[in-house]
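On a predicted model such as this, the values are computed, not experimentally measured, just so you know.
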Amino acid sequence: MNGIVDGILFVAPLIGLVVIWAIVVPLFDISPRTFPSLGAVARAGLESLRDGSLPAHVGASLLRVALGTLLGVVTAVPLGIAMGVSRATAMFLTPLFRFFSVLAGIAWIPIATLWFGYGFGAISFVIFNAVFFVVAYNTLLGVSTIPHSIRNAASSLGAGRWALLFHVLLPGALPNIVMGVRTGLGFAWRGLIAAEMIATNVGLGYMLFVARDFYRTEVIVLGMILIGTIWLMIDRLILVPLERATIERWGMVRQS
């Protein structure tokens with residue numbers, strides 16, 4: 001019951017915004033070149049579904065963000081753990097992480113296109129950068145919060161290096177890792193849209209960019225709605241439940 005109420009409260013402001021939009025645009029006779037009507041956006045959506053362009057754009061964007069995020073996570077977690085267990089490694093790499101974390105994501109687009117050309121590789125690299133540094137740093141924080149007494153106790157009970165990793169370090173750092181994935185994926189989603197405007201010929205960002213050239217504001221707004229809606233669905237349906245379950249299982253919060 002609480003979940004239903006929370007869902008209604010979450011979508012209520014969005015529905016209210018749509019209602020205001022449906023009333024204000026025709027009431028003030030706003031030009032379609034300035035801002036489209038709700039009906040025009042709906043027609044643009046149906047048209048792009050019929051010709052297959054919309055599924056192609058959405059599918060390309062989701063595939064890129066999934067691959068870039070996966071690569072970022074599988075490389076960042078081991079490095080973050082290594083930094084967490086080795087003070088010397090952490091001291092050496094932390095300044096580099098602070099430097100590159102500012103550049104992660106959109107700032108890499110120009111050089112990514114030089115390295116990988118225009119297309120899948122460049123965009124995946126941008127997403128990788130947006131995720132990698134956030135997840136690695138959060139993994140470091142997670143490992144650092146595990147008391148040394150727990151590590152020593154596991155070692156004294158005969159836990160080897162791999163057992164310590166999979167039964168102490170990873171579970172202890174998991175809440176921070178999931179939090180890092182959620183934060184990094186938010187940066188990656190924004191970086192994806194920016195990169196697609198420059199470095200490809202398919203994707204939601206590309207759809208927005210091309211629509212601007214033809215003054216198709218209804219397609220631009222459709223793309224904006226899709227970008228926001230897809231991110232909300234990823235965040236609310238996947239990342240938030242995963243973060244909550246991880247914190248309840250391995251963190252300081254217990255299910256009531």
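- Residue pairs meeting the ring pair (Phe, Tyr, Trp, His ring centres under 6.0 Å) criterion with at least one member in residues 24-46, sequence neighbours excluded: Trp21-Phe35.
- Here the closest heavy-atom approach between residue Val202 and residue His57 is recorded as CG2-ND1, 3.6 Å.
- Using a 4.5 Å heavy-atom cutoff, the side chains of Phe214 and Val219 are not in contact.
- Relative orientation of the Phe125 and Phe116 rings is tilted, given thresholds of 30° and 60° on the angle between their planes.
- Closest of all the heavy-atom pairs between Ile109 and Gly191 is CD1-O, 4.5 Å.
- Between the side chain of Ser124 and the main chain of Gly121, no donor-acceptor pair closer than 3.5 Å is present.
- Inter-residue side-chain proximity for Leu239 and Trp231 is flagged as met; some heavy-atom pair is nearer than 4.5 Å.
- With contacts defined as side-chain heavy-atom distances shorter than 4.5 Å, the pair Thr94/Met83 qualifies.
- Under the 3.5 Å distance criterion, the side-chain polar atoms of Thr69 are left unmatched by any main-chain donor or acceptor of Ala66.
- Within the 4.5 Å cutoff, the side chain of Val25 has no heavy atoms near those of the Pro36 side chain.
- Of the residues Val73, Leu71, Leu79, the one that meets the side-chain contact (heavy atoms from CB on, under 4.5 Å) test with Phe132 is Leu79.
- With hydrophobic clusters built from ILVMFWY side chains whose heavy atoms lie under 4.5 angstrom apart, Leu174 does not share a cluster with Met179.
- Within the structure, side chain to side chain donor-acceptor pair (under 3.5 Å) pairs that include any residue of residues 27-43 do not occur (at least two apart or interchain).
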Side-chain donor/acceptor pairs under 3.5 Å, residues 134-143, sequence neighbours excluded:
| unit_1 | atom_1 | unit_2 | atom_2 | d |
| --- | --- | --- | --- | --- |
| Asn138 | ND2 | Val134 | O | 2.8 |
| Thr139 | OG1 | Val135 | O | 2.7 |

Please determine whether side-chain contact (heavy atoms from CB on, under 4.5 Å) holds for the pair Ile106 and Val126, giving the CA-CA distance in whole Å, both sets of side-chain angles, and the decisive distance to 0.1 Å.
CA-CA 7 Å; Ile106 298 175; Val126 170; 5.8 Å; no
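- The shortest heavy-atom contact between Leu54 and Asp51 is N-OD1, 4.5 Å.
- Minimum interatomic distance between Gly45 and Ser48 (heavy atoms only, all atoms of both residues): O-OG, 2.9 Å.
- Between the side chains of Arg212 and Thr217, no donor-acceptor pair is found at a separation under 3.5 Å.
- The minimum heavy-atom distance between Leu62 and Val65, with the atom names listed, is O-CG1, 3.3 Å.
- Contact record, Ala188 with Ile127: CB-CG2, 3.6 Å, taken as the closest heavy-atom pair.
- Here the straight-line distance linking atom CD of Glu218 with atom CG of Leu38 works out to 12.5 Å at 0.5 Å rounding.
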Give the C-alpha distance, both sets of side-chain angles, the deciding distance and a yes or no for side-chain contact (heavy atoms from CB on, under 4.5 Å) between Leu208 and Ile227.
CA-CA 10 Å; Leu208 292 177; Ile227 291 166; 3.6 Å; yes
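- Leu226 is not connected to Tyr206 by any chain of hydrophobic side-chain contacts under 4.5 Å among Ile, Leu, Val, Met, Phe, Trp and Tyr, and they are in different clusters.
- In this structure, Phe133 and Phe97 have perpendicular ring planes: the angle between them is above 60°, well past the 30° mark.
- With hydrogens and angles disregarded, no donor-acceptor distance shorter than 3.5 Å links the side chain of Ser61 to the backbone of Val58.
- Considering only heavy atoms from C-beta on, Leu232 comes within 4.5 Å of Leu14 through its side chain.
- Within a 6.0 Å radius of CZ in Phe187, no more than 12 heavy atoms belonging to other residues, nucleotides or ligands are found.
- In the hydrophobic clustering of this structure, Phe92 groups with Phe100; members are Ile, Leu, Val, Met, Phe, Trp, Tyr whose side-chain heavy atoms approach within less than 4.5 Å, directly or through other members.
- A distance of 11.5 Å separates CG of Leu67 from CD1 of Ile123, quoted to the nearest 0.5 Å.
- Taking 4.5 Å as the limit, some side-chain heavy atom of Thr200 sits within range of a side-chain heavy atom of Arg64.
- Formation of a donor-acceptor pair under 3.5 Å by the Glu196 side chain with backbone atoms of Leu204 is found in this model.
- Both Ile81 and Phe166 are part of a single hydrophobic cluster, where members link through side-chain heavy atoms under 4.5 Å apart.
- Residues Phe120 and Leu63 meet the side-chain proximity criterion, which asks for heavy atoms closer than 4.5 Å.
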